[in-house]
Amino acid sequence: MKHIHPCRDDNGDEVIIHCPSTPSPIEAFADPQRIAAVVPGGKTPSELNGIPLMAWASVPGSLAEWAQVPGQAAIDEPPMKPQPGRKLSAGVVTVEQDGRFWVVSPTNAFGGYKATFPKGTLDPGIPPQAAAIKEAFEESGLQIEIIGWIGDFERSTSVTRYYFARRLNGNPAAMDWESQCVMLVPQDKLFTVLDHPNDKPLIAAVLTKLAAV
């Protein structure tokens, strides 16, 4: 049986998922000790930790609108420094109120990632915070707001600025074609679920900063 993502890619072509992810029982969302997973178009609770899991009603429709998207914060962060041969990107680590982390599974393990945090290349004229909010929505279906700066990390082809964020709304089942699963992962399972070497320094920095709070 051919599994086709409900969203088409940027060229309008259908996206075949070669090894579909397995959704968790819906009750896993209510248990902070469990991994909760949803696939494109799957079932989620109507709310989680008192915050709705509903589609973002006023998604920006242009790059100009994304540049001004709500959820950006006046935080202390240095300018990004370009490096030869590397793109500038932005990503986000969204922490749920129960202590779990929102993680995405790139479709067909793109880039060798079975699971990772949302991130993407900066579009011209888009500030890093706005780019992080945009990528979080596209890859996880969530509406978020930035609450802190984690750091800048060298990835395979980019230098990526990561932010801490909190969820405001959004429906993870509405992930775009770039993701085939969205998960809530407990802190003690991060290193197991996110097993790509590029994510190890980021996870270590995240846990260090959270322990210092």
Side-chain angles (χ1 to χ4, degrees), residues 21 32-37 71-123 126-142 144-167 172 175-176 178-213:
S21 302
Q33 305 305 314
R34 295 178 65 180
I35 295 174
Q72 299 179 71
I75 58 176
D76 186 17
E77 57 177 316
M80 292 193 74
K81 297 180 179 179
Q83 295 188 18
R86 292 185 179 272
K87 299 175 289 186
L88 294 180
S89 299
V92 65
V93 175
T94 303
V95 186
E96 184 60 32
Q97 287 190 5
D98 59 22
R100 286 180 289 182
F101 295 79
W102 288 96
V103 170
V104 299
S105 293
T107 299
N108 298 321
F110 182 79
Y113 293 89
K114 291 187 295 184
T116 191
F117 294 108
K119 80 169 188 71
T121 304
L122 299 184
D123 292 307
I126 304 295
Q129 287 192 32
I133 295 170
K134 179 174 181 287
E135 294 300 326
F137 170 70
E138 292 176 347
E139 296 183 15
S140 71
L142 301 180
I144 62 160
E145 64 177 356
I146 303 297
I147 58 174
W149 172 63
I150 301 171
D152 296 346
F153 297 82
E154 289 192 12
R155 312 287 288 190
S156 300
T157 61
S158 70
V159 174
T160 302
R161 171 157 294 185
Y162 281 94
Y163 297 96
F164 280 119
R166 67 166 60 96
R167 177 176 63 89
M175 69 196 82
D176 207 346
E178 293 178 299
S179 300
Q180 67 177 56
C181 183
V182 176
M183 293 179 284
L184 270 173
V185 179
Q187 179 174 304
D188 62 357
K189 295 181 174 64
L190 281 177
F191 279 113
T192 301
V193 176
L194 282 71
D195 62 357
H196 195 287
N198 283 348
D199 280 326
K200 303 304 182 185
L202 171 60
I203 296 172
V206 165
L207 298 184
T208 297
K209 284 181 176 289
L210 289 177
V213 173

Report task. Applying side-chain hydrogen bond (donor to acceptor under 3.5 Å, both in side chains), name anything that partners Asp199, two or more places apart in sequence or on another chain. Result ->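 Residues passing side-chain hydrogen bond (donor to acceptor under 3.5 Å, both in side chains) with Asp199: Thr116, Arg155.
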
Atom pair [atom1]/[atom2] of [X] and [Y] - distance to nearest 0.5 Å:
X: Leu184; Y: Trp102; atom1: CG; atom2: CH2; result: 4.0 Å
X: Ser89; Y: Glu135; atom1: OG; atom2: CD; result: 8.0 Å
X: Leu190; Y: Leu207; atom1: CG; atom2: CG; result: 6.0 Å
X: Leu88; Y: Gln83; atom1: CG; atom2: CD; result: 8.5 Å
X: Thr157; Y: Arg86; atom1: OG1; atom2: CZ; result: 7.5 Å
X: Leu194; Y: Ile203; atom1: CG; atom2: CD1; result: 4.5 Å

Query raised in the report: Going by the angle between their ring planes, with limits at 30° and 60°, are Phe117 and Tyr162 parallel, tilted or perpendicular?
Result: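 Taking Tyr162 first and then Phe117, their aromatic rings stand perpendicular (interplane angle over 60°).
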
Donor-acceptor pair, [X] side chain versus [Y] backbone, under 3.5 Å?
X: Asp98; Y: Arg100; result: yes
X: Thr107; Y: Ser179; result: yes
X: Ser105; Y: Lys114; result: yes
X: Glu96; Y: Arg167; result: no
X: Lys200; Y: Phe191; result: yes

Tell me the closest heavy-atom pair linking [X] and [Y], and the distance in Å.
X: Ala131; Y: Leu122; result: CB-CD2, 3.4 Å
X: Asp195; Y: Thr192; result: CB-O, 3.8 Å
X: Val92; Y: Ala165; result: CG2-CB, 3.3 Å
X: His196; Y: Gly112; result: CD2-O, 3.4 Å
X: Ile144; Y: Ile133; result: CD1-CA, 4.0 Å
X: Pro186; Y: Pro32; result: CG-O, 3.7 Å

Which donor-acceptor pairs under 3.5 Å do the side chains of residues 146-154 make with protein atoms, sequence neighbours left out?
| unit_1 | atom_1 | unit_2 | atom_2 | d |
| --- | --- | --- | --- | --- |
| Asp152 | OD1 | Arg161 | NE | 2.7 |
| Asp152 | OD1 | Arg161 | NH2 | 3.4 |
| Asp152 | OD2 | Arg161 | NH2 | 2.8 |

Query - Contact check, side chains of Val104 and Met175, non-hydrogen atoms, under 4.5 Å - result: no

Requested in this report: Verify side chain to side chain contact (heavy atoms under 4.5 Å, CB included) between Ser158 and Thr121, making sure each step is shown before the conclusion.
Outcome: CA-CA 8 Å; Ser158 70; Thr121 304; over 6 Å; no

Query raised in the report: Checking side-chain hydrogen bond (donor to acceptor under 3.5 Å, both in side chains) against Tyr163, which of Glu145, Gln72, Glu77, Gln129 comes through?
Result: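 Result for side-chain hydrogen bond (donor to acceptor under 3.5 Å, both in side chains) with Tyr163: Glu77.
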
Query raised in the report: In this structure, are over 12 heavy atoms from other groups packed under 6.0 Å from Lys189 atom NZ?
Result: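 Atom NZ in Lys189 is packed in, count exceeds 12.
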
